[in-house]
Each structure stands twice: as structure tokens, then as C-alpha cells.
Amino acid sequence: FLPKPKGLPAAAWGIGLTAELIAPSGATVSARQNATLHVYPFYLGIKRLWKREETPKGNILRFGWAAVSPAGKEVAPGEKVSCELHRHEYIYTLRERSHGFVREWAERWVPVAKGEVPNSTTGARGTFTVPAPRAGSYRLTITGRDNVSASTRFWYSAGDTEFARPASPT
């Protein structure tokens with residue numbers, strides 16, 4: 001789900017370097033060294049700031065964010081970080097077949113809200129809110145410069161039966 005720049009991974013690369021030499025005596029000597037190659041200047045993180053069993057007040061979802069350098073220190077992204085919220089929807093079509101009616105399921109991610117994460121040009125962390133029109137399954141993605149992204153999927157509910165599906169379409 002994360003957008004990736006062409007030719008770059010979603011995160012750091014692990015590299016293994018191996019060297020083999022044959023000594024004048026005929027013995028083989030080898031060594032291996034592992035390294036991590038960070039292709040991005042920072043990584044973004046998202047945290048949900050409400051308890052799973054609670055319903056957010058007024059359907060306003062609150063999140064925390066942080067930008068961290070490959071060395072593990074907080075850094076300011078230096079430019080805008082944007083956010084985008086999508087709702088996960090399941091849709092079915094009832095089709096008549098020779099053996100009766102059949103449901104054909106499809107799913108889609110519907111854009112709900114997007115905007116700029118506050119204080120993202122100068123701060124290394126912060127909080128922001130996103131309005132969600134109703135309870136359901138969502139995906140939030142924040143994206144910074146160089147397409148550095150973080151994404152999280154979550155569910156929030158506003159009652160036991162709000163999204164119950166009928167067992168039969170009739």
C-alpha cells in the first residue's frame with residue numbers, strides 16, 4: 001500500500017559483503033560483513049491516540065507522528081508532510097446464475113480526507129486529527145519528501161450492530 005519511488009525500496013536495504021582469497025599456500029580465506037543502506041534521510045511513524053475500545057468523540061480521529069533519522073534521532077522533515085485517509089468498503093452484486101443467486105464481492109479504498117500534517121516542516125513529532133464520517137475500516141498514509149511514507153490500517157466502531165451485514169439479501 002505504500003507508494004514507492006521508482007527503483008527504491010519501502011525501507012532500508014540489508015547488504016552482505018563477502019570476500020574470498022586464496023593464499024599462496026592454497027588455503028582459502030574468507031570474510032563476511034553485513035551493513036544497512038538507508039536510502040531515505042528519515043523514516044515516518046504513525047500512532048493511533050485513542051483506545052481501541054473507545055469511540056472517538058465526534059468521529060474525529062487523533063494520531064501522533066514522528067520523523068526519525070536512520071541513526072534513531074528525531075529529525076524535522078524540512079518540508080510538508082501530507083496525510084490521506086481511505087475507508088475500506090466491501091460491495092456485493094447479486095447475480096442470477098443457473099443454480100440460483102450468487103453474491104460477487106468486491107472491495108475498494110475510498111478517499112475520505114486529506115491534508116497537511118501540522119508542524120511538519122520544523123518539528124520532528126506532533127499530533128493531528130482527521131475527520132472520519134462513520135465507524136469502519138480505514139487506512140491512513142502520511143507521506144513526506146522523497147516519497148518517504150508510513151501507513152497504518154485500523155478499525156473503529158460506534159456500536160455493536162452498525163456494520164452488521166445481513167446473512168441473506170432478501
Side-chain angles (χ1 to χ4, degrees), residues 1-17 33-92 105-167:
F1 259 83
L2 298 180
K4 289 192 303 184
K6 281 188 174 178
L8 294 178
W13 279 330
I15 300 173
L17 304 171
Q33 182 67 40
N34 293 320
T36 303
L37 173 65
H38 294 280
V39 295
Y40 300 111
F42 62 90
Y43 297 92
L44 292 170
I46 307 172
K47 182 177 181 182
R48 182 178 64 200
L49 298 179
W50 73 90
K51 292 182 181 173
R52 184 169 288 181
E53 62 275 0
E54 292 178 356
T55 300
K57 291 183 177 124
N59 292 344
I60 302 296
L61 310 176
R62 191 165 168 259
F63 294 91
W65 70 273
V68 181
S69 73
K73 298 196 183 318
E74 291 186 1
V75 296
E79 65 179 50
K80 292 190 282 189
V81 173
S82 60
C83 66
E84 192 163 2
L85 184 69
H86 288 83
R87 184 178 60 248
H88 196 197
E89 288 187 352
Y90 290 95
I91 304 161
Y92 75 86
W105 288 94
E107 62 179 323
R108 64 182 178 178
W109 288 97
V110 178
V112 174
K114 66 184 192 176
E116 184 182 328
V117 173
N119 197 35
S120 60
T121 56
T122 57
R125 65 171 47 233
T127 62
F128 64 100
T129 58
V130 179
R134 63 177 192 243
S137 176
Y138 289 88
R139 179 189 77 223
L140 176 72
T141 303
I142 60 175
T143 307
R145 73 172 187 236
D146 300 324
N147 279 335
V148 177
S149 297
S151 184
T152 184
R153 287 179 65 172
F154 60 92
W155 167 268
Y156 89 90
S157 72
D160 293 334
T161 60
E162 183 172 345
F163 281 92
R165 289 190 201 136

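In what follows, every heavy atom counts, from backbone to side chain, and hydrogens, waters and symmetry copies are set aside.
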Listed partners of Glu74 passing salt bridge (charged side-chain N to carboxylate O under 4.0 Å, His left out), at least two apart:
Arg125
Minimum heavy-atom distance between Gly144 and Val81, given as atom pair plus value:
CA-CG2, 4.2 Å
Residue set satisfying side-chain hydrogen bond (donor to acceptor under 3.5 Å, both in side chains) with Glu107, at least two apart, ordered chain then number -> His88
Answer yes or no: is there a side-chain heavy-atom contact under 4.5 Å between His86 and Pro111?
yes
Flag side-chain contact, heavy atom, 4.5 Å: Phe128 against Leu140:
yes
Taking side-chain contact (heavy atoms from CB on, under 4.5 Å) as the definition, give me every residue that meets it alongside Ile15, ordered by chain and number, with sequence neighbours left out.
Leu17, Leu37
Quick one: closest heavy-atom pair of Gly16 and Asn34, and the distance?
CA-OD1, 3.6 Å
I'd like to check the salt bridge (charged side-chain N to carboxylate O under 4.0 Å, His left out) partners of Arg48; sequence neighbours left out, ordered by chain and number.
none
Heavy-atom closest pair, residues Ala113 and Pro131
CB-O, 4.0 Å
Under 3.5 Å, side-chain donor or acceptor atoms of residues 60-73 against the rest of the protein: list the pairs with distances, not counting sequence neighbours.
| residue | atom | partner | partner atom | Å |
| --- | --- | --- | --- | --- |
| Ser69 | OG | Ala71 | N | 3.3 |
| Ser69 | OG | Lys73 | N | 3.3 |
| Ser69 | OG | Lys73 | O | 3.3 |

CG of Leu49 to OG1 of Thr127, rounded to nearest 0.5 Å, is 7.0 Å
Over all atoms of both residues, closest heavy-atom pair of Cys83 and Ile142:
CB-CG2, 3.8 Å
For Lys51, side-chain contact (heavy atoms from CB on, under 4.5 Å) partners two or more places apart:
Glu53, Glu54
